[in-house]
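Report on the following structure.
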Amino acid sequence: MTAREAGRGNTLTDWFFCRGIDVADNKVGVTFLYPEGNSIGGFMEQTSAEGLPRNASGDKIPHDTIGNVYVGFDNYVLSSGRVTYSAEWSEGDITEAQVDDYVAWLQGANFGNDIENLTRTDTTLSWDFVPKDETGGDYSLVRYQPNSQFKVTIASDDTRMCCFLRSQNEGHLWNAGSYSIRGGESLTINKSGNECYLSFVGDTFSIGGTAVDDMAVKKLTSDTIAIDNTGAETRKIGVIWRG
Amino acid sequence: MATYKLYVSGYIEETQQLLVSFSSDDTARDAAEYPSLAFDVVPYGEATTEEIMSMIAKTAPTTTSDIVTQETYTDSSDKAEGLKALVGQTFSYTDEDLFQAEVEEI
């Protein structure tokens, strides 16, 4: 498949999104990546760190304590399958201690995914994400990334994700995360912020006995909502909110 | 067993779209005489050209059924009159009309 420019600068992809919905007066795009039209090896690559989110002053937003680590586009809610995250930089651009700190942050956070095959060299870092088989959340997405090339690659043929695309200078205004519901179990989700959207990455969710369409996006206006997963497999719900 | 014919009238390299028209045993004319539909080939990934055509062909029953429906449609109902009344009018939709409606509140 031919790579093309993605929805923001310095980014290439060959992913096929089977559904896209704009919400919040088109401030946020929610897209869905499913097995159809995609294959193992398909990627979303940020070719340099220049395309990272900016604050109101136009600057990249650094991590509070870890050098050479910035707020990234915490875009991807992995509902099933496997993806590989990878970063590559020129020798000396990022120190070993900084990579140590980033890996510690990575392993200390709860993304609702198991981290497997974590590999590092002097100039690279990579790991696989596999969804945890549990009911829980909210989990964070990968909010921070190294000041480098950064890539997410499809690593299994049953990969299902939703992706949150925000304007480059408004990314920091939104908070994103996910919830996980095992097959046959339920979860009550509390509304976050003033404006909150849920994206359903699977076809087995239901609310009050009514099935939720696969790849639906709904605005959560209630204080809480109880959601059932009537299927057999664990699936995720993405959340994006502000205010 | 129904037979479907596909005619490839073009390939647009810039947009990577294959232009294909369809006919069946029940359509009035041959595939080449109908307007073509543009198929984005990018989603087919590493599929061969034969596999791409085979996948596009899966839409033939639906597409040709629509053609037959159009060719055999005769209607003098109020709805047809209403549709005729649309001719010459301009319609405007906002992003909210087109997209926000999909986002239900829960």
Side-chain angles (χ1 to χ4, degrees), chain A residues 1-4 13-43 154 157 188-191 195-200 205-208 210 212-213 215-227 237 239-240, chain B residues 2 4 6-22 24 31 35-66 90-106:
Chain A
M1 193 179 296
T2 306
R4 63 187 186 281
T13 188
D14 63 358
W15 285 355
F16 171 63
F17 297 104
C18 53
R19 182 170 168 79
I21 300 172
D22 292 326
V23 299
D25 295 328
N26 301 326
K27 299 287 188 185
V28 175
V30 185
T31 56
F32 292 83
L33 179 146
Y34 271 43
E36 296 77 16
N38 289 291
S39 53
I40 293 172
F43 65 92
I154 298 169
D157 59 11
T188 296
I189 294 175
N190 297 320
K191 180 187 172 190
E195 190 174 4
C196 180
Y197 298 90
L198 300 179
S199 57
F200 296 81
F205 293 112
S206 71
I207 298 173
T210 301
V212 176
D213 288 342
M215 296 181 268
V217 177
K218 294 181 182 293
K219 186 175 185 178
L220 182 56
T221 55
S222 310
D223 290 338
T224 64
I225 189 83
I227 301 173
I237 297 165
V239 59
I240 187 161
Chain B
Y4 303 95
L6 279 67
Y7 174 72
V8 180
S9 60
Y11 174 63
I12 308 173
E13 284 196 60
E14 292 79 7
T15 56
Q16 298 184 69
Q17 288 175 311
L18 199 64
L19 305 179
V20 184
S21 53
F22 300 81
S24 73
S36 57
L37 303 176
F39 288 84
D40 185 356
V41 300
V42 173
Y44 297 111
E46 302 301 328
T48 64
T49 53
E50 290 78 9
E51 289 168 340
I52 290 173
M53 285 307 299
S54 177
M55 287 186 275
I56 290 174
K58 288 187 169 59
T59 68
T62 303
T63 306
T64 55
S65 172
D66 290 345
T90 300
F91 296 87
S92 174
Y93 299 90
T94 66
D95 285 336
E96 186 174 9
D97 294 331
L98 299 176
F99 300 109
Q100 292 294 303
E102 293 189 73
V103 181
E104 295 177 0
E105 294 185 355
I106 55 175

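No experiment lies behind these values; they were computed from the predicted model shown. Each chain gets a letter, A, B and so on, in the order the sequences are listed, and its residues count up from 1.
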### Message
Going by side chain to side chain contact (heavy atoms under 4.5 Å, CB included), B:Ile106 matches just one of A:Ile227, A:Ile189, A:Leu198. Which one?
### Response
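Among the candidates, only A:Leu198 passes.
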- Message: Just verifying a value: how many Å separate A:Lys219 NZ and B:Glu104 CD, rounded to the nearest 0.5 Å?
- Response: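 It is 13.5 Å, given to the nearest 0.5 Å.
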request  = Might you confirm whether atom NZ of A:Lys27 has over 12 heavy atoms from other residues, nucleotides or ligands at distances under 6.0 Å?
outcome  =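 For A:Lys27, atom NZ is not crowded (no more than 12 foreign heavy atoms under 6.0 Å).
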Quick one: what part of A:Leu220 sits under 4.5 Å from any heavy atom of chain B, side chain, backbone, both or neither?
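Both backbone and side chain of A:Leu220 come within 4.5 Å of chain B.
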